[in-house]
Amino acid sequence: MVGTSGGGQNIALIDANNFYVSCERVFNPGLWQRPVVVLSNNDGCAVARSNEVKALGVKMGEPWFRLRTLARQHGIIALSSNYALYADMSQRMMTLLGRFSPRQEIYSIDECFLALDIHDNVTQVGQTIRQEVANWLGLPVGVGIAATKTLAKLANHCAKKRPVYAGVCNFNTMDMDDLEHLMSQIDVAEVWGVGARGSERLHAMGVTNVLALRRADVHRLRKRFSVVMGRIILELNGISCLSLETVTPPRKQIQSSRSFAVPVYEPQELAEALLTFMRRGVRRLRQQGLLAGAMHLFIQTNPFREREPHYCQGVTLPLPSPTDDELQLARLVRQGLDRIYRAGYAYHRAGILLTALERATGQQDDLFADPVARQKNKALMDTLDTLRQRFGRDIIHVAGEGVCHRWAGKSANRSPRYTTNWKELPVVQAG
DNA sequence: TCTGGGGTCCTAGGACCC
DNA sequence: TCTGGGGTCCTAGGACCC
């Protein structure tokens, strides 16, 4: 049967190409056409790759030390990540994209869904979106349009990989036969939510391409896999199971953790690191107007060092009443660390996890909490917030946090924070 | 020598209760 | 000698995403 595959809604997925690399290129045009990677924290692995680097076969998450030789051979430029810059560029892009529809779901730092509630020239609107983002921000984006989120993701993949679509691929206007032929050429691993393990198992069953998965028996696969796989199959058939989440739900957990640049042995040094992570976590907690009901601490050795003894331990510390009080949490960090620390190990990573989060307003008062003490604490925390806003987030530390931070990672080649720091604004030469 | 960090959801299994 | 079963809640671990 021939006919268009659409008829449902026009869900667009807009996704920036190689986002971190593209952000760097906006401010350093010398990077265009060059092989560029952006490295993770600690300059550990490649987390963003330009097309030139992808063409060299470099995989996502590849450790940088293993790429050194290849990098020398091909002149790969490696940059430390600059999250302040990426976050700010992201915010600008999302604001711009939000002008195309009131129904926007910001899905990640570099992509969002938009419900395009129009009937005509939808593909043309996709092109306009691309041009606007390119004109205003200098970022290249791809646009996928389809009846469901999973299909829109797939359409976006096609928009990027197949030049024939010129950056905008609209499944809703495609002939059914053409669409299914296209799907038969795409590996099932490309489908959103299938993943590495899932695609391996599907391949073993003979379900190798997207069309085969679309035509697979929902009930059978739901049983063999999970409800998630059932939803994926329905979504591939144009039956929407994943709604557009236009309101960002409050976080359920906030994590702050890091690998160390050098091995850490001493409890005092671990305490310093954990206190720093706790403070960063609490900062985000307060920014989002939340309180934590529990805090989890963890410390671990390097799992890649097989010849050294491995140790990995964590502890969850419930709080008598939900809080965002740094001083109370600082005491808890020390108590918790005492419980999990074992001497003689080379610690490589540590972190905190704030859980059982709830909104700060409408919070149940602890029967035993002293209201006067609570007021005092709140006033103190608010003062800290104000000072940090004015003088920088690291201006005030919790006692015991230390100032040396031998463990703090390297970030050897970070670009300036062009858009968020007055001292690092780009200077345009006249003439 | 050097291998990220921050999230979400789902499932299985144990504890507990009636 | 017989040795239930169903519901709920919690947690750990797996899988996935970017």
Side-chain angles (χ1 to χ4, degrees), chain A residues 13 15-20 37-49 58-69 71 78 80-83 86-87 90 105-113 149-150 153 156-157 189-202 222-232 241-242 245 248-263 277 280-281 284-285 288 293-294 296 298 300-308 312-316 318 346 348-357 408-412:
Chain A
L13 177 75
D15 182 336
N17 305 348
N18 322 324
F19 184 61
Y20 295 173
V37 293
V38 173
L39 302 177
S40 65
N41 220 288
N42 244 343
D43 291 347
C45 2
V47 288
R49 305 152 293 156
V58 174
K59 297 272 174 284
M60 174 71 175
E62 189 96 25
W64 173 238
F65 74 87
R66 264 196 232 138
L67 292 172
R68 287 258 163 77
T69 312
S80 307
S81 39
N82 183 348
Y83 290 109
Y86 313 146
S90 172
E105 175 183 339
I106 297 172
Y107 177 68
S108 76
I109 192 162
D110 75 330
E111 63 190 295
C112 77
F113 292 98
K149 287 164 83 173
T150 305
K153 275 281 218 181
N156 183 280
H157 167 82
E190 301 295 342
V191 176
W192 189 37
V194 166
R197 291 288 300 271
S199 70
E200 206 176 294
R201 288 175 63 197
L202 286 168
R222 183 159 45 207
K223 253 193 157 149
R224 291 268 296 263
F225 291 79
S226 76
V227 293
V228 179
M229 188 62 80
R231 280 203 289 260
I232 290 172
C241 304
L242 306 170
E245 309 286 341
T248 312
R251 290 255 163 278
K252 297 182 173 175
Q253 60 179 54
I254 291 174
Q255 185 178 333
S256 176
S257 65
R258 281 287 180 279
S259 299
F260 301 140
V262 293
F277 302 147
R280 287 179 192 164
R284 277 152 57 201
L285 189 74
Q288 294 173 38
H296 181 81
F298 60 90
Q300 55 186 258
T301 54
N302 190 341
F304 291 101
R305 300 200 154 212
E306 284 172 5
R307 267 175 264 173
E308 287 175 18
C312 167
Q313 191 58 270
V315 60
T316 302
H348 169 257
R349 196 171 112 89
I352 63 114
L353 195 62
L354 299 169
T355 59
L357 304 186
K410 61 176 181 236
S411 186

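Keep in mind the model is a prediction, meaning the values are calculated, not measured.
Look at OH on A/Y86: it is 13 Å from C1' on B/dG4, rounded to the nearest Å. If you take CG of A/L67 and C1' of B/dG4, they are 14 Å apart, rounded to a whole angstrom. In this entry the distance linking CD1 of A/I232 with P of B/dC10 reads 12 Å, nearest Å. Atom P of nucleotide B/dG7 and atom CD of A/E105 are separated by 17 Å, given to the nearest angstrom. At whole-Å resolution of the value, CG in A/L357 and C1' in B/dG6 are 13 Å apart. In this structure, A/L285 atom CG and B/dG7 atom P are separated by 11 Å, rounded to whole Å. The distance between atom CD of A/E308 and atom P of B/dT1, rounded to the nearest whole Å, is 11 Å. The separation between A/Y107 atom OH and C/dC17 atom P is 8 Å, rounded to whole Å.
Nucleic acid contact class of A/D110 (heavy atoms, under 4.0 Å, all strands): sugar-phosphate only. Heavy atoms of A/E62 sit nowhere under 4.0 angstrom from any nucleic acid atom. No engagement by A/W64 is indicated, since no non-hydrogen atom pair under 4.0 Å with the nucleic acid exists. Heavy atoms of A/I254 sit under 4.0 angstrom from primed sugar atoms or phosphate atoms, though from no base atom. A/R66 comes within 4.0 angstrom of a base, heavy atoms only. As judged by a 4.0 angstrom heavy-atom cut-off over every strand, A/G61 is placed among residues making no nucleic acid contact. Looking at heavy-atom distances under 4.0 Å, A/S81 makes no contact with the nucleic acid at all. Looking at heavy-atom distances under 4.0 Å, A/H348 makes contact with sugar-phosphate atoms alone, never a base.
Rounded to whole Å, the separation between the C1' atoms of C/dG4 and B/dC16 comes to 15 Å.
Comparing C/dC18, B/dG4, B/dG7 by their closest approach to the side chain of A/N41 singles out B/dG4. When each of B/dG4, B/dC2, B/dC9 is scored by its nearest atom to the side-chain atoms of A/F65, the top-ranked nucleotide is B/dC2. Distance from the side chain of A/R197 is smallest to C/dC16 among B/dT1, C/dC16, B/dG4. Of the candidates B/dG7, B/dC10, B/dT3, B/dC10 carries the atom nearest the A/S226 side chain, counting heavy atoms from C-beta on. Proximity note for A/R349 (side chain, C-beta onward) versus B/dT3, B/dG5, B/dT11: the nearest is B/dG5. When distances are taken from the side chain of A/N302 to each of B/dT8, C/dC18, B/dT3, the shortest belongs to B/dT3. Comparing B/dT3, B/dG4, B/dT8 by their closest approach to the side chain of A/S40 singles out B/dG4. When each of B/dT3, B/dG6, B/dC10 is scored by its nearest atom to the side-chain atoms of A/F304, the top-ranked nucleotide is B/dT3. Between C/dC18, B/dG4, B/dG5, one nucleotide has an atom nearer to the side chain of A/S257 than all others, and that is B/dG5. When distances are taken from the side chain of A/R284 to each of B/dT8, B/dG6, C/dC18, the shortest belongs to B/dG6.
If you find the closest nucleotide of DNA chain B to A/R258 and to A/R222, the one lying nearer the 5' end belongs to A/R258. Across the interface with DNA chain B, nearest-nucleotide mapping of A/R251 and A/F260 shows A/F260 to be the residue nearer the 5′ end.
Classified by interplanar angle (parallel below 30°, tilted 30° to 60°, perpendicular above 60°), the ring pair A/W192/A/Y107 is perpendicular.
A/M229 is listed as a side-chain neighbour of A/L202, based on a closest heavy-atom distance under 4.5 Å. No side-chain heavy atom of A/E308 sits under 4.5 Å from any side-chain heavy atom of A/N302.
Within 6.0 Å of CZ on A/R284 lie more than 12 heavy atoms contributed by other residues, nucleotides or ligands.
Between A/W64 and A/A71, the shortest heavy-atom distance links the atoms CH2-CB, 3.6 Å.
Shown here, B/dC18 forms a base pair with C/dG5; the pair counts as Watson-Crick or G-U wobble because both key distances fall under 3.5 Å.
Judged by distance alone, the side chains of A/T316 and A/H296 do bring a donor and an acceptor atom under 3.5 Å apart.
A close approach under 4.0 Å does occur between a side-chain nitrogen or oxygen of A/K252 and OP1 or OP2 of B/dC9. Look at A/K153 and you'll find a side-chain N or O under 4.0 angstrom from OP1 or OP2 of C/dC18. Taking 4.0 angstrom as the limit, A/R305 places none of its side-chain polar atoms (N or O) nearer than this to OP1 or OP2 of B/dT3. Phosphate contact (OP1/OP2 of B/dC10, side-chain N/O of A/R231, threshold under 4.0 Å): present.
Here A/R49 does not pair with A/E62 in a salt bridge; the nearest charged N to carboxylate O distance is not below 4.0 Å.
A/S257 places no side-chain N or O within 3.5 Å of a backbone atom of A/A350 that could act as its donor or acceptor partner.
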